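The structure appears below as structure tokens.
Because the structure is predicted, anything quoted here is derived from the model rather than measured.
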Number of protein chains: 2
Amino acid sequence: MGKLTADAIVERALEIGDAEGLDSVTIRRLATDLGVTPMALYWHFKNKEQLLAGMADHLVDGFAPRSGDGRPWQEELRELVEGLIRVLRRHPCAKDVLEQTDHTDVPSFLKVWNGSLGLARSAGFGPKESCLISRFLLEGAISIAGSSGHVHRRLPDDEAAELRRVKRLRLQSLPVGVYPYLVEMAEPMAEGGDEEFYDSFGVDLLLGGIDTLAARHSGE
Amino acid sequence: MGKLTADAIVERALEIGDAEGLDSVTIRRLATDLGVTPMALYWHFKNKEQLLAGMADHLVDGFAPRSGDGRPWQEELRELVEGLIRVLRRHPCAKDVLEQTDHTDVPSFLKVWNGSLGLARSAGFGPKESCLISRFLLEGAISIAGSSGHVHRRLPDDEAAELRRVKRLRLQSLPVGVYPYLVEMAEPMAEGGDEEFYDSFGVDLLLGGIDTLAARHSGE
DNA sequence: ACCTGAACACCGTTCAAGT
DNA sequence: ACCTGAACACCGTTCAAGT
């Protein structure tokens with residue numbers, strides 16, 4: 001079966017990344033998994049950087065921000081951020097992938113970027129402000145999507161629980177004189193917490209910040 | 001001269017990271033720079049992870065958040081974030097270092113974390129909310145400090161300018177039908193922009209968001 | 001306590017060659 | 001067009017040994 005395609009490579013790479021962490025996604029490992037020689041991959045991707053970009057593209061692909069249906073820009077922007085977060089949450093390694101990628105190499109990400117840029121403009125922000133806003137928003141979304149447990153790979157429930165336990169104990173065993181709050185709040189710190197709460201909280205913070213800026217902007 | 005100390009190692013590591021990028025910070029490279037065998041470093045650091053943590057600690061060390069002087073928490077929180085940003089800006093590779101580090105291994109970072117936690121509590125947020133807030137704030141600060149040019153190493157001015165030029169052209173040569181805003185705003189996108197503008201904008205966004213949350217919190 | 005030598009098990013990538 | 005074989009220049013890390 002001569003069915004080694006770029007898509008198949010990317011999909012297997014994401015599987016490995018989700019299951020064992022992005023560090024395990026290696027040209028050589030990938031090749032043995034796919035039953036080919038490492039050098040076979042170099043026909044489909046110029047180098048590992050391009051493979052990473054392919055993974056990133058696959059990640060956010062399938063999410064296209066709607067736009068221009070006349071709703072207030074706040075709503076559209078919120079939908080865009082929430083949609084991106086939802087898509088990234090499907091892959092535990094998503095954050096790591098996007099962190100190691102030049103976003104301008106990722107067409108699907110550029111689409112989202114373009115969308116948020118447009119929305120920022122339609123909100124009345126100037127060109128420079130809009131660039132910053134869309135950057136903060138997208139980076140914020142990636143950050144939110146990536147940190148509900150801070151372990152960027154899929155784990156069996158018991159292992160995850162054990163990891164939280166150890167993390168909590170580590171915090172609690174810190175010198176209480178130096179880090180009083182960290183010790184006191186070790187429990188909520190170690191909890192990943194419900195993703196839903198985490199997400200809505202983060203999104204509210206981001207959009208609330210933008211709202212503040214917008215108000216000040218039109219006020220002065 | 002037998003003066004191979006942990007500090008000397010960390011300092012050389014940061015120099016390499018700032019000048020050539022964090023990828024160039026390698027046990028072996030570091031060793032040859034310091035005129036020793038690679039294995040010499042393993043006496044001072046258990047492994048590379050610990051070395052990274054040492055770099056991170058050196059990075060934010062020297063910044064201790066003041067606190068409890070009776071000012072409104074908004075002011076103190078702002079000072080904390082701005083202070084952290086200012087300190088991180090001294091090293092181009094700071095963001096990359098902190099991204100690859102488990103923050104609970106970095107005492108100086110824990111101090112800042114503890115400070116922001118306390119401020120969030122004193123602002124009236126609950127334990128869970130305070131955890132999220134301090135996380136967002138610190139991640140936000142790191143993100144802001146790290147991305148005024150998106151090249152995380154020191155470059156001669158002409159090379160930096162050339163890099164911006166190429167980046168702008170790349171954006172402008174995108175299909176305008178798919179990415180109209182990116183093409184139109186290629187220039188401000190490629191500009192790193194004044195760091196000052198970038199920083200204050202980002203900090204305002206973050207703190208504005210928290211203010212919004214605080215208002216809602218005490219309102220309901 | 002502090003460092004070296006030799007070895008192990010990995011990486012990404014190039015280049016010529018096969019079909 | 002698509003893949004292999006062999007080789008190059010790297011990694012981090014262990015372990016026994018030196019002083």
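- A straight line from CH2 of W43(A) to C1' of dT14(C) spans 17 Å, rounded to a whole angstrom.
- Residue E76(A) holds its CD atom at 5.0 Å from CG of L119(A), rounded to the nearest 0.5 Å.
- Between F201(A) and F197(A), the ring planes are tilted. Angles from 30° to 60° get that label.
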> Given the rule in the salt bridge (charged side-chain N to carboxylate O under 4.0 Å, His left out) test, do R89(B) and D199(B) qualify, once you have shown the distances and angles that lead to the verdict?
Replying inline: CA-CA 10 Å; R89(B) 276 236 190 279; D199(B) 286 5; 2.4 Å; yes

Do any side-chain atoms of residues 48-58 of chain B form donor-acceptor pairs under 3.5 angstrom with protein atoms, and if so which ones, sequence neighbours left out?
{"from": "K48(B)", "atom 1": "NZ", "to": "V25(B)", "atom 2": "O", "distance (Å)": "3.1"}
{"from": "D57(B)", "atom 1": "OD1", "to": "S108(B)", "atom 2": "N", "distance (Å)": "2.8"}
{"from": "D57(B)", "atom 1": "OD1", "to": "S108(B)", "atom 2": "OG", "distance (Å)": "2.7"}

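- Checked against ring pair (Phe, Tyr, Trp, His ring centres under 6.0 Å), Y42(B) has no partners two or more places apart in sequence or in another chain.
- With a cut-off of 3.5 Å on both pairing distances, the Watson-Crick and G-U wobble pairs of DNA chain D assemble into stems of 3 or more at C:4-8 with D:12-16, C:12-16 with D:4-8.
- In this structure, Y198(B) has its ring center under 6.0 Å from that of F136(A).
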> Should S24(A) and R29(A) be marked as a side-chain hydrogen bond (donor to acceptor under 3.5 Å, both in side chains) after you check the CA-CA gap, both sets of side-chain angles, and the distance that decides it?
Replying inline: CA-CA 8 Å; S24(A) 300; R29(A) 162 69 189 278; 5.1 Å; no

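- For R164(B) and E191(B), the salt-bridge test passes: some basic side-chain N is under 4.0 Å from an acidic carboxylate O.
- Remark: the separation of the P atoms in dA9(D) and dA9(C) is 22 Å, to the nearest Å.
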> Reading nucleotides 6-13 of chain C 5' to 3', which nucleotides get B (base under 4.0 Å from a protein heavy atom), which S (sugar-phosphate only), which -?
Replying inline: B----BBB

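- Contact annotation: H44(B) side-chain N/O to dA1(C) OP1/OP2 distance is not under 4.0 Å.
- A salt bridge is absent between E187(B) and R168(B): the closest approach of a Lys/Arg side-chain nitrogen to an acidic carboxylate oxygen does not fall below 4.0 angstrom.
- When the side chain to side chain contact (heavy atoms under 4.5 Å, CB included) test is applied to D23(A), no partner is found at least two apart in sequence or on another chain.
- Within residues 6-23 of chain B, no residue approaches DNA chain D, by heavy-atom distance under 4.0 Å.
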